[in-house]
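Remember, it's a predicted structure, so these values are computed and weren't measured experimentally.
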Protein chains: 2
Amino acid sequence: MADTDDNLAIERADRPSSQRKITKILAAARAEFFGNGFSASSIEAIAARAGVSKVTIYSWFKSKENLFAEMVKGECAHLSQNFVDENLESKGVREVLIDTAENMLDFLTRDERVRFDRILAAEVSRDPRVGKYFLDNGPRALLQNLATLLQSAMDQGKMQSSDPIASAEMFVGLVKGHLDLLLRYGEKIDLTADQRRARAARAVDAWMLIHQK
Amino acid sequence: MADTDDNLAIERADRPSSQRKITKILAAARAEFFGNGFSASSIEAIAARAGVSKVTIYSWFKSKENLFAEMVKGECAHLSQNFVDENLESKGVREVLIDTAENMLDFLTRDERVRFDRILAAEVSRDPRVGKYFLDNGPRALLQNLATLLQSAMDQGKMQSSDPIASAEMFVGLVKGHLDLLLRYGEKIDLTADQRRARAARAVDAWMLIHQK
DNA sequence: ATAAAATTGAACGGTTACGTTCAATTAAAA
DNA sequence: TTTTAATTGAACGTAACCGTTCAATTTTAT
């Protein structure tokens, strides 16, 4: 990212009105970047949408690149909520896994995420740091959580694995299939609650079958 | 796409020199679009790279959008080679599946494909038809092939499935895991032949376990 | 109230790029 | 050879956009 250590944007914003404007700028940036990608979005349009002067944007964010990076940061924080169900005690193993898979599917099919995926991946060539930042704060952390959950599930159930991370990756693969691909290329997919649950259950059952003792 | 029925670019190219230039233009377009994405690439740069006048480009391709679409077409044809191994008779079931999985992994990790994925997905918002075109000529066809192969394998082996397409999707999911995600976001992954084979074998064994009678 | 910081609008210079026009040149077909 | 099509370079009009400067105005802290 442009600045991991020095958060230029937020630190200096003593004034509450400034804080408000920064928020509006980031929201406008999000909307523009999501709609047009990085290159095709203009600072002027972002300023107009935010109801803010162009100079104000440049005063808080040094450059277009920086604004984009800062927007990505916020989006990562917003998107990377954990969907791993951890109530292993109260529910049964299979139930917890299915709920987790359902959360994953819900997350995957969110239009917001799909568009974020598209524009962010496109900018990796321009600035590889945004890709790394996203991986570290998103998928990587989630896979670790998932591995931990699966390990616990294996301890409780009649399952085993030599490599929890590989098992977690299989879990992810079984749940996703090529759904993410279809979505990324514009396929409209809105699963009903039943469809989502059915798909989750199929993936979980397959996964459990693989990991049975 | 801009033109699925009337192939403006190729049809009218009687002259062999024109044919040559069209090829060079498409190659240059590929390089530029792959490097900078659609918006950040300029027709002028493409013309320069192709060693061709800008007017020539506009004479064969009506617009930048059209040039991009035409480039995508060519790339789809080039990338969508079938990697499904069909020698079920000569080799054993497991061997054929592993070879197929290996081919998939080889394809997935090709830098060319990764970059294509990035720029194409980014343009889906601008023109959804490119996404649909790609899906129809790439993944969709491949999944069908794979389903057919798996069905044959199931007939020969001690396996079964009620839904071949769903089984094929699981196969894909198991092989890919989240490798495609890592690659898309800039992770450098070059599997050795051994690693590739090991991963393919793991996926295949898991898949066979799921589908055992 | 006064001082300090933030914001604004407008304008500027410089750059880039799309797509078109045209007369001149080159290459190919008849 | 003649005729037809393709190609070129250069220029043009138009538009967009980045990032900066500046004087004027508004907002906030003290």
Novice: Return the nearest nucleotide to the side chain of A/K54; candidates are C/dC18, D/dT7, D/dT20.
Specialist: D/dT20
Novice: Please tell me if A/S18 has a side-chain N or O lying less than 4.0 Å from either OP1 or OP2 of C/dT7.
Specialist: yes
Novice: What is the ring orientation for B/F68 with B/F33, classed by angle as parallel under 30°, tilted 30 to 60°, or perpendicular over 60°?
Specialist: perpendicular
Novice: Can you see which heavy atom on A/L146 is nearest to which on A/A168, and at what distance?
Specialist: CD2-O, 3.8 Å
Novice: Can you classify the ring geometry of B/F83 versus B/F107 as parallel (below 30°), tilted (30 to 60°) or perpendicular (above 60°)?
Specialist: tilted
Novice: What is the distance from CD of B/E44 to C1' of C/dC18, rounded to the nearest Å?
Specialist: 8 Å
Novice: Send over the distance from A/K21 NZ to D/dT28 P, rounded to a whole Å.
Specialist: 9 Å
Novice: Residues of residues 30-40 of chain A with any non-hydrogen atom less than 4.0 angstrom from an atom of DNA chain C: list those, numerically ordered, please.
Specialist: none
Novice: B/I43 CD1 to D/dT8 P: how many Å, rounded?
Specialist: 15 Å
Novice: Using whole Å, what does the distance between atom C1' of nucleotide C/dG9 and atom OH of A/Y58 come to?
Specialist: 16 Å
Novice: Write down the distance between CG (A/N66) and P (D/dC18), rounded to a whole number of angstrom.
Specialist: 14 Å
Novice: Using whole Å, report how far NZ of B/K62 lies from C1' of C/dT20.
Specialist: 16 Å
Novice: Looking at A/D106 and A/R110, does any basic side-chain N land under 4.0 Å from a carboxylate oxygen?
Specialist: no
Novice: May I have the distance from A/E65 (atom CD) to D/dG19 (atom C1'), rounded to whole angstrom?
Specialist: 11 Å
Novice: Could you list, one pair per line, each protein nitrogen or oxygen that sits under 3.5 Å from a nitrogen or oxygen of nucleotides 21-23 of chain C, together with the distance?
Specialist:
none

Novice: When you measure from the side-chain N and O atoms of A/S63 to the phosphate of D/dG19, is any distance below 4.0 Å, counting only OP1 and OP2?
Specialist: no
Novice: Round to the nearest Å and state the distance from A/I22 atom CD1 to C/dA6 atom C1'.
Specialist: 11 Å
Novice: One thing to verify: whether A/R115 and A/E75 come together as a salt bridge, which I'm taking to mean a side-chain N less than 4.0 angstrom from a carboxylate O.
Specialist: no
Novice: For C/dT7, does either OP1 or OP2 sit under 4.0 Å from a side-chain N or O belonging to A/W60?
Specialist: yes
Novice: For the helix from C/dA1-D/dT30 to C/dA30-D/dT1, how many degrees between its two end axes (five pairs per end), to the nearest 10°?
Specialist: 30°
Novice: Counting only distance, no hydrogens or angles, is the base of C/dG19 paired donor-acceptor with the side chain of B/K64 under 3.5 Å?
Specialist: no
Novice: More 5' along DNA chain D: A/A45 or B/T56, using each one's nearest nucleotide?
Specialist: B/T56
